[in-house]
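Okay, so here's the structure we're looking at.
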Amino acid sequence: MATVTVRFFARYAELTGCESAAVAVPPTATVSDVLARVRQTVPGARDLPPRPLAALNLRQVKLDTRVSDGDEIALLPPLSGG
Amino acid sequence: MATVTVRFFARYAELTGCESAAVAVPPTATVSDVLARVRQTVPGARDLPPRPLAALNLRQVKLDTRVSDGDEIALLPPLSGG
Amino acid sequence: MMAYLTFHPISVESLRADVQGPDRGGTCVFMGTVRQDDDVTSIEYSAYDEMAIGEIERMLAETHERWPEARVMLQHRLGMIPVGEASIAIVAAAPHRDAAFAACRYVIEEVKQRLPIWKKEMHADGTATWVDPSGKPVAGGLRDR
Amino acid sequence: MMAYLTFHPISVESLRADVQGPDRGGTCVFMGTVRQDDDVTSIEYSAYDEMAIGEIERMLAETHERWPEARVMLQHRLGMIPVGEASIAIVAAAPHRDAAFAACRYVIEEVKQRLPIWKKEMHADGTATWVDPSGKPVAGGLRDR
């Protein structure tokens with residue numbers, strides 16, 4: 001198994017009531033798989049949109065990107081900086 | 001006859017050594033005629049370019065514009081503001 | 001060198017001091033300030049700090065590649081920002097104005113698209129709404145696209 | 001309301017205070033500063049004041065017609081300006097950034113084409129040269145086009 005950290009920001013942090021969670025996934029898992037696991041284990045995460053923006057180790061990635069042990073995945077509401 | 005004021009700026013003021021001059025011209029005169037008269041009466045004005053930029057009563061005009069008694073004509077070196 | 005993210009009011013003067021120089025005759029500044037839409041009294045900005053800083057560094061590197069003669073700096077404010085105060089300032093100085101305008105514009109457009117920063121509008125009646133990138137408020141948790 | 005022409009250093013802050021407001025979320029500033037070309041130490045700016053003020057009023061009226069939601073102010077400094085200091089500043093504030101950038105850019109382009117203002121470069125060796133609009137120095141009295 002791989003253990004990754006999932007971080008929630010802004011509205012997603014409000015939904016889940018948490019800022020980060022450790023999640024264990026199979027070594028071949030993708031960001032999507034991490035997301036699915038989060039929905040099962042983090043109570044408010046069921047209300048996350050089906051395909052949120054995601055970042056892997058500080059860069060935006062597609063949901064089919066593979067993750068590795070120790071990675072940081074972030075789930076990002078629509079960006080509104082500036 | 002019409003009497004107009006001619007003003008010189010920047011390099012043209014240096015050439016003529018003067019900031020303004022009163023010039024008498026026929027009532028049908030144009031800015032060109034004023035310029036020709038200035039060349040005869042203001043010493044350094046012979047070195048003015050043949051067709052300088054000109055303003056009549058604070059607006060740029062073509063050299064064939066008619067002038068009237070009391071008008072202010074300005075001879076403007078190439079503009080370089082900003 | 002200034003911090004890219006700050007919780008304090010932005011000093012455009014300090015940013016300018018960072019990028020201006022005797023061989024750069026044109027400086028373009030963009031400031032985004034909190035706008036009084038409807039009954040908004042302030043906006044709370046939050047960021048994914050480490051990623052935002054990485055994105056800003058990449059943006060500025062791209063800008064340097066496209067306009068090597070320009071020097072550009074930006075600062076984004078976080079936390080609660082009252083109406084009328086700046087949430088972001090970008091300063092681009094270059095020998096001539098074309099590069100200064102272009103570099104400044106490039107950075108603000110990239111900021112809007114790429115920076116992991118979020119706004120929560122605070123209303124006069126005490127309620128708060130998250131802002132989505134199209135500028136529309138998002139009421140619940142399910143209205144993401 | 002500030003003067004359009006001044007013999008004192010320009011305060012961008014004061015210009016901003018003139019045009020910013022709670023419903024204008026985007027502000028674009030352009031500053032032109034005296035550039036250290038070759039051995040230039042300062043530039044002396046002179047103007048046909050009455051005409052320059054008239055042109056500035058017309059430019060700002062045109063800008064208001066094209067971008068009615070924007071508020072724009074400019075100040076041009078005259079007299080001797082040392083390298084690094086601003087000869088002109090333009091500030092445009094608007095509800096959104098497109099209008100702020102466009103109005104600011106429009107004004108500086110019009111300034112370059114229309115304002116009856118002239119520059120005389122002062123060199124380290126004590127000589128002085130008039131600058132023509134293409135940026136080339138004009139040595140004598142006969143080199144106008």
What part of R24(C) lies closer than 4.5 angstrom to a heavy atom of chain D: side chain, backbone, both or neither?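 Backbone only.
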Using non-hydrogen atoms and a 4.5 Å limit, figure out which bit of V34(C) sits close to chain D: side chain, backbone, both or neither.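 Interface part for V34(C): backbone (N, CA, C, O).
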Would you mind checking which part of V40(D) comes under 4.5 Å of any heavy atom in chain C, side chain (CB onward), backbone (N, CA, C, O), both or neither?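 When you check distances to chain C, no heavy atom of V40(D) falls under 4.5 Å.
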Given that the side chain runs from C-beta out, which part of E13(D) has a heavy atom under 4.5 Å from chain C: side chain, backbone, both or neither?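 The side chain, not the backbone.
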State plainly whether the residues [X] and [Y] are in salt-bridge range, i.e. N to O under 4.0 Å.
| X | Y | value |
| --- | --- | --- |
| R114(C) | E62(C) | yes |
| D23(C) | R71(C) | no |
| E110(C) | R58(C) | no |

Among P95(D), A89(D), A93(D), which residue forms the greatest number of heavy-atom pairs with chain C at distances under 4.5 Å?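 Of the options given, most contacts go to P95(D).
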Do you know which of S87(D), C28(D), G21(D) has the most heavy-atom pairs with chain C at a distance under 4.5 angstrom?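 Winner by heavy-atom pair count: C28(D).
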Keeping R66(C) on the side-chain end and A61(C) on the backbone end, is there a donor-acceptor pair under 3.5 Å?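 The answer is no, because no donor-acceptor pair under 3.5 Å joins these two groups.
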Just by modelled atom types, is the V131(D) backbone N or O under 3.5 Å from a matching donor or acceptor in the E121(D) side chain?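 No; zero donor-acceptor contacts below 3.5 Å.
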Determine whether the side chains of Y106(D) and T63(D) contain a donor N or O and an acceptor N or O closer than 3.5 Å.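 Short answer, no.
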Heavy-atom pairs under 4.5 Å with chain D are the metric here; pick the option from H96(C), R105(C), Q20(C) that has the most.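 The residue among H96(C), R105(C), Q20(C) with the greatest pair count is R105(C).
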